[in-house]
S.K.: 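Provided herewith is a single structure, encoded as structure tokens, for subsequent inquiry.
Computed from a predicted structure; not experimentally measured.
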Amino acid sequence: MTKLFDIHHIFRNFAVMFALIPLIFFLCVYLGVSIWAGDFYKVPITVAFMLTAIVSVIVSRGTLKHRLRVFSRGSSSENMMLMIWIFILAGAFANTAKEMGSINDIVSLTLSLVPSDTIFAGLFLAAAVISLSIGTSVGTIVALMPIAVGIASTIGQPVPYLAAIVVGGAFFGDNLSFISDTTVCATQTQGCRMSDKFKTNLRIAAPAAMILLIYYAFVGSEVQVPAHIAGYKFMKVIPYIIVLLAAMLGVNVLVVLALGTLLTGIVGLCYGDYNLYTWFAAMADGIMGMGELIIITMLAGGMLEVIRANGGIRFLMEKIMRHVSSPRTAELSIAALVSVVDVCTANNTVAIITVSGIAKDISNRFGLDPRRVASILDTFSCIVQGVIPYGAQLLMGAALASINPVDIIPHLYYPLVLLVFALGFIIFHKQKKPVADGEYVNK
């Protein structure tokens with residue numbers, strides 16, 4: 001009987017591990033071949049995802065009709081469709097602003113206001129403040145990336161480097177923001193106040209951000225800004241100012257982008273940069289420019305849903321849970337779980353929701369501080385989301401900067417510095433034990 005059980009267990013593990021084949025295949029085809037060739041442009045990411053999507057359907061279980069239904073469910077989920085809406089409106093806004101010269105004007109305004117030796121630190125700080133205010137890293141990247149690209153070409157710096165500064169700052173703010181969906185999910189599922197999670201999270205993120213600010217200030221001190229800065233038309237800057245202000249006031253990102261597109265049309269028509277038809281054409285070109293990103297998003301969503309439906313994520317959770325034996329290893333296991341799931345889902349909010357139940361169980365079993373658990377969930381999901389080339393943030397940033405998402409990663413220092421402080425927080429910071437009314441004191 002025991003032998004039969006063992007055989008059944010072996011076959012079950014083999015079947016679940018089989019579910020992870022799409023993810024392994026993608027990493028081998030895209031990252032493996034690209035590294036071997038020494039060129040990340042050798043394998044187009046759309047082709048890598050198309051092949052992976054085919055493999056995920058082949059290795060899935062059930063009839064072909066059922067497999068395609070599971071894949072389509074992931075491709076057209078609520079989160080996927082929301083992201084596609086953002087991509088469409090972001091493309092329309094970014095291209096209409098570019099075509100009427102708004103980006104050149106706001107770059108000139110920025111260079112005239114910010115001291116030349118603080119341009120890098122200023123850009124990182126701007127991304128952090130905006131993301132902290134609006135609660136979305138994607139919205140921050142949409143707003144600032146065109147400006148960063150314009151600054152890069154003006155001061156003669158690599159576009160991927162400035163793109164990474166914006167992405168890093170955006171993740172800092174998103175990780176701490178009170179209105180970020182990751183913060184809401186982490187605090188609500190773990191039963192702690194947002195203000196308490198913010199204070200705990202600040203101990204991890206603030207030192208990492210401070211180190212980066214000092215570094216960018218030091219590196220930026222050697223940047224040579226042109227002595228003559230081109231003039232700007234303030235009216236052409238207004239669409240960006242309105243977009244940033246509306247976003248900081250908490251207006252829905254879709255409304256913000258639609259408003260920005262409308263304002264670029266109005267200003268462009270007033271200055272004669274557009275007529276009605278050329279404005280429509282600029283919007284269409286911007287939307288079409290997001291086509292590859294939309295295709296990647298849908299294929300990735302389908303592939304990851306197949307992995308989830310076949311038990312791949314649950315299998316990974318069970319494997320990690322076997323090594324939990326103390327409060328410290330419990331927190332490390334929660335960090336590992338949310339990191340692995342984020343790799344598999346490419347969505348930090350979904351990763352937190354997926355892991356939150358088991359994280360709460362671990363927390364109760366080992367008497368963990370809910371504030372720490374919520375911070376660990378949010379922080380590690382942001383760290384991983386910042387370094388996977390198929391995450392929405394890097395895909396969006398790369399699309400707006402017209403570069404490969406992998407080009408940004410070597411310059412993306414913030415997630416790595418944040419990882420060091422996050423691990424240090426778990427390993428060296430004193431554990432706390434609960435007392436009355438849910439408060440915690442040092443052991």
Side-chain angles (χ1 to χ4, degrees), residues 76-100 102-103 105-106 126-148 166-167 169-171 173-185 194 234-270 274 276 279-291 293-294 297-298 301 347-350 391-393 395-397 399-400:
S76 58
S77 68
E78 183 179 344
N79 283 327
M80 291 296 112
M81 297 312 297
L82 178 60
M83 290 306 304
I84 289 171
W85 264 112
I86 293 174
F87 296 156
I88 290 171
L89 290 172
F93 170 62
N95 200 59
T96 51
K98 176 184 176 183
E99 291 299 316
M100 80 162 184
S102 179
I103 294 175
D105 287 289
I106 199 166
V129 171
I130 293 171
S131 187
L132 182 65
S133 303
I134 69 178
T136 166
S137 51
V138 173
T140 302
I141 290 168
V142 168
L144 286 182
M145 191 59 72
I147 301 172
V166 170
V167 173
F171 273 115
D174 189 17
N175 183 208
L176 291 173
S177 176
F178 281 81
I179 59 175
S180 168
D181 49 3
T182 57
T183 294
V184 172
C185 290
M194 290 189 184
F234 186 74
M235 281 296 293
K236 289 192 175 185
V237 178
I238 285 180
Y240 264 106
I241 294 176
I242 296 297
V243 163
L244 293 177
L245 288 176
M248 292 180 74
L249 290 172
V251 179
N252 183 280
V253 65
L254 297 177
V255 176
V256 169
L257 293 172
L259 176 63
T261 305
L262 177 63
L263 289 174
T264 57
I266 294 172
V267 174
L269 289 169
C270 291
Y274 291 130
L276 185 62
W279 179 41
F280 287 168
M283 280 192 281
D285 290 341
I287 294 169
M288 292 300 293
M290 291 289 169
L293 183 54
I294 292 171
T297 300
M298 296 185 72
N347 187 307
N348 45 352
T349 304
V350 173
Q393 290 80 0
L395 287 174
M396 173 63 81
L400 293 173

S.K.: How long is the straight-line distance from OG1 of Thr140 back to CE of Met396, given to the nearest 0.5 Å?
M.R.: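 Answer for the CE-OG1 pair, Met396 versus Thr140, is 11.5 Å.
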S.K.: Quick one: closest heavy-atom pair of Ala282 and Glu99, and the distance?
M.R.: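 Heavy-atom minimum between the residues: CB-CG, 4.0 Å.
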S.K.: Where do Met100 and Lys236 come nearest, in terms of heavy atoms and distance?
M.R.: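 That closest heavy-atom pairing would be O-NZ, 2.9 Å.
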S.K.: Identify the heavy atoms of Gln393 and Phe171 that sit nearest to each other, and give their distance.
M.R.: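 Looking at all heavy atoms of both residues, the closest pair is CG-CZ, 3.6 Å.
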S.K.: Out of curiosity, Ile141 CD1 to Leu395 CG, how far, rounded to the nearest 0.5 Å?
M.R.: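 If we round to the nearest 0.5 Å, Ile141:CD1 and Leu395:CG are 10.0 Å apart.
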S.K.: Just to verify, what does Met288 make a side chain to side chain contact (heavy atoms under 4.5 Å, CB included) with, not counting sequence neighbours?
M.R.: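 Residues passing side chain to side chain contact (heavy atoms under 4.5 Å, CB included) with Met288: none at all.
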S.K.: With a cut-off of 3.5 Å and sequence neighbours excluded, list every side-chain donor-acceptor pair involving residues 253-267.
M.R.:
from, atom 1, to, atom 2, distance (Å)
Thr261, OG1, Phe93, N, 3.4
Thr261, OG1, Leu257, O, 2.9
Thr264, OG1, Thr96, OG1, 3.0
Thr264, OG1, Gly260, O, 3.4
Thr264, OG1, Thr261, O, 2.6

S.K.: Is there a side-chain contact (heavy atoms from CB on, under 4.5 Å) between Ile294 and Ile88? Walk through the geometry before answering.
M.R.: CA-CA 8 Å; Ile294 292 171; Ile88 290 171; 3.9 Å; yes
S.K.: Just verifying a value: how many Å separate Leu89 CG and Met283 CE, rounded to the nearest 0.5 Å?
M.R.: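 One finds 10.5 Å between CG of Leu89 and CE of Met283.
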